[in-house]
Student: 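The following block contains the structure, expressed as structure tokens.
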Amino acid sequence: MRHLELIKALPKAELHVHIEGTFEPELMFAIAQRNAIEIPYTSVEEVRQAYNFHNLQSFLDIYYAGANVLIHEQDFYDLAMAYFEKCAEDHVVHTEMFFDPQTHTDRGIAFDVVIQGLTRACRDAEQKWGITSHLIMCFLRHLSEEAAFETLEQALAYKDQIIAVGLDSSEMGHPPSKFERVFAKARDEGFLVVAHAGEEGPAEYVWEALDLLKVNRVDHGVRSEEDPQLLQRLIQEKMPLTVCPLSNLKLCVVDDMQQHNIRRLLQQGVHVTVNSDDPSYFGGYMNDNFIAIADALDLTEQELKQLAINSFEASFISDQTKQKWIQKIQNWV
Ligand code: HPA
Ligand code: ZN
């Protein structure tokens with residue numbers, strides 16, 4: 001394995017991870033049992049066998065079903081703490097995690113239960129491992145604009161606990177323009193904004209995320225490469241793309257890792273970062289993603305360091321903290 005020790009040792013920030021996508025089957029079984037909820041699997045192996053996705057939708061169907069066992073504040077706490085433990089192992093020192101409130105509120109779980117469980121875990125993770133974190137609330141784009149407005153309304157009471165809003169779920173047929181007004185309101189209320197665009201959807205959706213939603217980062221964005229003018233815009237604006245290599249492989253956005261464009265994008269000056277997306281479903285956490293591209297694309301030490309530096313530059317932490325981590329990486333021998 002190329003540069004394994006460097007990958008392990010580098011401090012990293014994770015900017016694209018869905019907390020519901022970190023749900024390991026073992027924990028899913030344990031929580032299902034204590035909440036007396038039936039799940040359609042009899043063993044952990046059976047769950048993993050169900051994970052052979054051929055696109056985003058076939059993944060989302062299983063991902064939403066898994067989230068059904070989360071009921072109590074403690075469930076959300078346990079879910080997030082299990083993820084933080086992986087962060088500690090991978091030397092992820094800062095994370096900005098997505099959560100999907102509508103996946104839970106639509107099942108009758110109170111917004112408050114979700115957010116209290118997650119924020120308690122964030123506090124404890126900082127105490128226990130020194131890991132800092134922010135929460136990003138995503139709207140489910142397959143649902144209506146009206147439902148997104150209702151969700152935003154609920155979030156206003158928790159403004160100090162949510163740094164940004166995002167947009168996820170089924171991309172095709174649900175362009176960013178559908179949520180232009182919701183995002184305008186979110187920005188007015190002081191939230192930063194990000195959106196999934198250009199994962200399965202066309203470059204046009206990335207333009208919309210930039211021009212209509214006025215995003216601070218683009219999540220995925222790998223299909224931007226199909227539009228040279230768009231690439232120039234991303235480079236000029238130093239717009240971060242939160243790229244998720246193992247996700248792209250598992251959901252067949254790329255046929256094999258050797259064809260992944262993250263190195264080409266980096267070499268052209270696009271501000272790309274490495275992330276795990278839904279690590280329990282896609283076969284690996286942060287370091288697994290780094291290892292996968294380092295091996296397949298023959299990345300140099302300098303490129304790996306640049307990817308780690310980019311993760312802090314693109315994060316929503318203070319400039320002072322950013323500089324602390326970036327200097328650590330730059331002074332690496
Ligand atoms: N894309 C869109 N929606 C999602 C994803 C993703 O990669 N993961 C969880 N929800
Ligand atoms: Zn995602």
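Note that ligands are numbered from 1 as they come in the structure, with each ligand's atoms numbered from 1 the same way. Every value quoted in this text rests on a predicted model; they were computed, and no experiment measured them.
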Student: Is S169 close enough to touch ligand 1? Criterion: a residue heavy atom under 4.0 Å from a ligand atom.
Tutor: yes
Student: At a 4.0 Å threshold, what atoms of ligand 1 neighbour a non-hydrogen atom of F59?
Tutor: 8 (N), 9 (C)
Student: With distance as the sole criterion, is a donor-acceptor pair present between the side chains of Y158 and T119 under 3.5 Å?
Tutor: no
Student: Checking side-chain hydrogen bond (donor to acceptor under 3.5 Å, both in side chains) against T242, which of D219, N275, T273 comes through?
Tutor: D219
Student: Does a donor on one side chain and an acceptor on the other come within less than 3.5 Å for D78 and Q74?
Tutor: yes
Student: By number and element, which atoms of ligand 1 are closer than 4.0 Å to a non-hydrogen atom of L56?
Tutor: 1 (N), 2 (C), 6 (C)
Student: Kindly give the heavy-atom pair with the smallest separation between F312 and A308, and that separation in Å.
Tutor: CD1-O, 3.2 Å
Student: May I ask you to decide whether D75 forms a salt bridge with R34, counting only side-chain N to carboxylate O separations under 4.0 Å?
Tutor: yes
Student: Going by the atom numbers of ligand 1, which of them fall below 4.0 Å from some non-hydrogen atom of H196?
Tutor: 1 (N), 2 (C), 6 (C)
Student: Indicate the atoms forming the closest heavy-atom contact of F53 with F59, along with that distance.
Tutor: CD2-CA, 3.4 Å
Student: Please determine whether any non-hydrogen atom of L60 lies less than 4.0 Å from an atom of ligand 1.
Tutor: yes
Student: Ignoring angles and geometry beyond distance, decide whether H220 reaches within less than 3.5 Å of ligand 1 through its nitrogen or oxygen atoms.
Tutor: yes
Student: Among protein heavy atoms, which lies nearest atom 5 (C) of ligand 1, and at what distance?
Tutor: H18 NE2, 3.5 Å
Student: So, with waters excluded, how many protein N/O/S atoms does the Zn ion (ligand 2) have closer than 2.8 Å?
Tutor: 4
Student: Is the closest N or O pair between E199 and ligand 1 shorter than 3.5 Å?
Tutor: yes
Student: Given V274, which partner from the list N287, L304, N289 fulfils the side-chain contact (heavy atoms from CB on, under 4.5 Å) test?
Tutor: N289
Student: Under 4.0 Å between a Lys/Arg side-chain N and an Asp/Glu carboxylate O for E180 and K214?
Tutor: no
Student: Could you check whether any heavy atom of F98 sits closer than 4.0 Å to an atom of ligand 1, since that is the contact criterion I want to use?
Tutor: no
Student: What residues join F98 in its hydrophobic cluster, counting side-chain heavy atom gaps under 4.5 Å, either direct or through other members?
Tutor: I136, I163, L192, V194, F316
Student: Looking at H18, H174, H142, which hits ring-ring contact (aromatic ring centres under 6.0 Å, His included) with H196?
Tutor: H18
Student: What I want to know is whether D277 and ligand 1 share at least one N or O pair that is separated by under 3.5 angstrom.
Tutor: yes
Student: Given the rule in the side-chain hydrogen bond (donor to acceptor under 3.5 Å, both in side chains) test, do D106 and Q102 qualify, once you have shown the distances and angles that lead to the verdict?
Tutor: CA-CA 6 Å; D106 285 0; Q102 289 158 296; 5.7 Å; no
Student: Would you mind running through ligand 1 and noting each atom that sits below 4.0 Å from a heavy atom of D278?
Tutor: 5 (C), 8 (N), 9 (C)
